[in-house]
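The structure appears right after this line, and notes come after that.
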Amino acid sequence: MTTFVLATANAHKTEEMRAVLSDLGIELLPRPGDVPEVQENEVTLEGNALLKARALVAATGQPAIADDTGLFVDALDGRPGVSSARFAGENASYDDNVAKLLGELSGVPDGHRGASFRTVIAVAYPSGESLCVEGVLEGRITYERRGDNGFGYDPVFEPTHTGGRTLAELTPEEKNRNSHRSNALRALNEVLRTSS
Ligand code: ITT
């Protein structure tokens with residue numbers, strides 16, 4: 001059984017990662033409460049994921065795993081991207097960020113509302129070694145919020161292959177079957193399996 005300390009402070013992400021990784025035989029230890037949040041000041045998802053994973057290795061002396069995710073919207077030249085958590089400002093709520101997104105896309109017609117979620121998962125070891133994998137989910141931004149499940153931008157993100165349902169209209173099991181995060185975690189499992 002492989003064990004990692006989890007670097008994320010986001011409870012929704014934690015739940016999704018646990019659900020996927022427990023099926024893959026990877027155990028997660030909770031992020032210790034006394035580790036301060038890392039300033040995510042890198043310009044790439046990979047940079048921020050490595051920052052978070054390495055901070056947990058430094059704090060615990062154990063191998064750590066971190067997720068950094070962004071929503072890349074075609075009509076906004078890839079924004080909010082790496083700044084997705086802070087799109088509407090430093091302490092913006094999920095709802096503030098979604099409202100800003102819908103506002104910026106008002107008047108953008110069908111066919112031009114394409115977007116993708118990208119997740120980079122980083123693993124860092126006390127030896128200084130590290131690795132990163134990526135998972136992508138393609139879709140489009142809806143005109144209004146739909147659904148109560150999930151978190152963040154889920155109510156306005158309609159994946160290409162869900163029959164018109166947003167991520168927030170999927171059950172947690174359906175989201176985890178084929179999401180940016182679960183795709184990245186499965187890629188990680190493949191790398192760990194073939195390198196051990
Ligand atoms: P940690 O850094 O502690 O892991 P965070 O919430 O700051 O948590 P990110 O910087 O990776 O995480 O997340 C960027 C934002 O993207 C996040 O706040 C959500 O608004 C959004 N997001 C991430 N994953 C998502 C998902 O699966 N569905 C919808 N929105 C998501």
Side-chain angles (χ1 to χ4, degrees), residues 4-21 28 30-33 35-56 59 64-73 76 78-102 115-124 132-142 145-159 162 165-185:
F4 295 109
V5 183
L6 185 55
T8 182
N10 181 319
H12 299 280
K13 279 188 184 179
T14 302
E15 215 168 289
E16 291 184 7
M17 291 174 78
R18 267 190 202 293
V20 176
L21 289 179
L28 294 179
R31 175 193 171 90
V35 178
E37 276 215 36
V38 179
Q39 203 58 39
E40 295 180 37
N41 48 17
E42 292 285 336
V43 294
T44 61
L45 297 177
E46 185 173 332
N48 281 331
L50 281 169
L51 265 185
K52 292 189 258 189
R54 286 180 176 142
L56 265 288
I65 185 169
D67 162 318
D68 202 54
T69 296
L71 176 66
F72 296 78
V73 179
L76 303 180
R79 285 187 307 129
V82 73
S83 306
S84 293
R86 307 176 294 276
F87 191 33
E90 209 42 58
N91 296 310
S93 66
Y94 290 150
D95 201 53
D96 296 336
N97 287 332
V98 167
K100 179 167 168 67
L101 178 63
L102 291 178
S116 58
F117 266 119
R118 294 179 178 270
T119 291
V120 171
I121 300 281
V123 163
C132 288
V133 290
E134 190 181 40
V136 179
L137 183 66
E138 301 286 351
R140 63 182 279 275
I141 305 300
T142 57
R145 297 166 175 83
R146 292 201 315 267
D148 299 315
N149 296 331
F151 68 101
Y153 297 94
D154 282 349
V156 292
F157 187 88
E158 196 181 280
T162 53
R165 288 181 297 162
T166 66
L167 282 175
E169 292 178 300
L170 304 183
T171 64
E173 294 73 26
E174 285 174 317
K175 181 179 176 188
N176 288 340
R177 214 170 287 151
N178 176 29
S179 73
H180 38 297
R181 181 162 296 107
S182 66
N183 291 338
L185 292 170

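Just the heavy atoms: all of them, side chains too, but no hydrogens, waters or symmetry mates, feed the values below. In listed order, ligands and their atoms are each counted from 1.
- The distance from ligand 1 to the heavy atoms of Asn10 drops below 4.0 Å at these ligand atoms: 3 (O), 6 (O), 8 (O).
- Panel note: side chain Thr166, backbone Arg146; a donor-acceptor pair is recorded below 3.5 Å.
- By the 6.0 Å contact criterion, CD on Glu174 is enclosed, its count of non-hydrogen atoms from other residues, nucleotides or ligands being greater than 12.
- Ring pair His180/Phe117 is parallel by interplanar angle, where below 30° counts as parallel and above 60° as perpendicular.
- Taking atom 16 (O) of ligand 1 as the reference point, the nearest protein heavy-atom neighbour is Ser84 CB, 3.7 Å.
- Across Val82 and Leu45, no two heavy atoms sit closer than the pair CG2-N, 3.9 Å.
- With a 4.0 Å cut-off on non-hydrogen atoms, His12 does not touch ligand 1 at all.
- No heavy atom of Phe87 sits closer than 4.0 Å to any atom of ligand 1.
- Enclosure of atom CG in Asp148 is not indicated, since only 12 or fewer non-hydrogen atoms of other residues, nucleotides or ligands lie within 6.0 angstrom.
- Counting only heavy atoms from C-beta outward, the side chains of Arg31 and Glu37 approach each other to under 4.5 Å.
- Considering backbone and side-chain atoms together, Asn97 places no N or O closer than 3.5 Å to any N or O of ligand 1.
- Under 4.0 angstrom from ligand 1, the non-hydrogen atoms of Lys52 all belong to its side chain.
- Checking only distances, Ala9 does come within under 3.5 Å of ligand 1, N or O to N or O.
- In summary, the atoms of ligand 1 found under 4.0 Å from a heavy atom of Phe117, numbered by their order in the structure, are 28 (N), 29 (C), 30 (N), 31 (C).
- Remark: minimum distance from atom 28 (N) of ligand 1 to any protein heavy atom is reached at Asp154 OD1, 2.6 Å.
- Proximity annotation for atom 24 (N) of ligand 1: of Lys13, Arg118, Arg181, Arg181 comes nearest, heavy atoms only.
- In this structure, the protein non-hydrogen atom closest to atom 15 (C) of ligand 1 is Ala85 N, 3.6 Å.
- Note on Lys175 versus Glu16: salt bridge recorded, some NZ/NE/NH1/NH2 to OD/OE distance being below 4.0 Å.
- Looking only at side-chain heavy atoms (C-beta outward), Asn91 and Arg86 stay at 4.5 Å or farther from each other.
- Looking from atom 13 (O) of ligand 1 to the surrounding protein, the closest heavy atom is Thr69 O, 3.7 Å.
- Using modelled atom types, no side-chain atom of Arg145 and backbone atom of Pro155 make a donor-acceptor pair closer than 3.5 Å.
- Scanning the protein for heavy atoms near atom 31 (C) of ligand 1, the closest one is Phe151 CE1, 3.6 Å.
- By the 4.5 Å heavy-atom criterion applied to side chains, Leu56 and Val35 are counted as neighbours.
- Of the residues listed (Leu137, Val136, Leu71), the one engaging Ser116 in a side chain to side chain contact (heavy atoms under 4.5 Å, CB included) is Val136, and it is the only one.
- Here the protein heavy atom with the shortest distance to atom 30 (N) of ligand 1 is Tyr153 N, 3.1 Å.
- In this structure, Lys175 is part of the shell of residues with a heavy atom less than 4.0 angstrom from ligand 1.
- Annotation: Tyr94 places no N or O atom under 3.5 Å from an N or O atom of ligand 1; distance criterion only.
- Using a 4.0 Å cutoff on heavy atoms, Asp68 counts as a contact of ligand 1.
- At under 3.5 Å, not a single nitrogen or oxygen of Glu37, backbone or side chain, sits near a nitrogen or oxygen of ligand 1.
- Nearest to atom 4 (O) of ligand 1 among the protein's heavy atoms is Thr8 OG1, 2.6 Å.
- Given atom 7 (O) of ligand 1, the protein heavy atom at minimum distance is Glu40 OE2, 3.7 Å.
- Side-chain contact of Thr69 with Arg181: a donor-acceptor pair under 3.5 Å is present, judged by distance alone.
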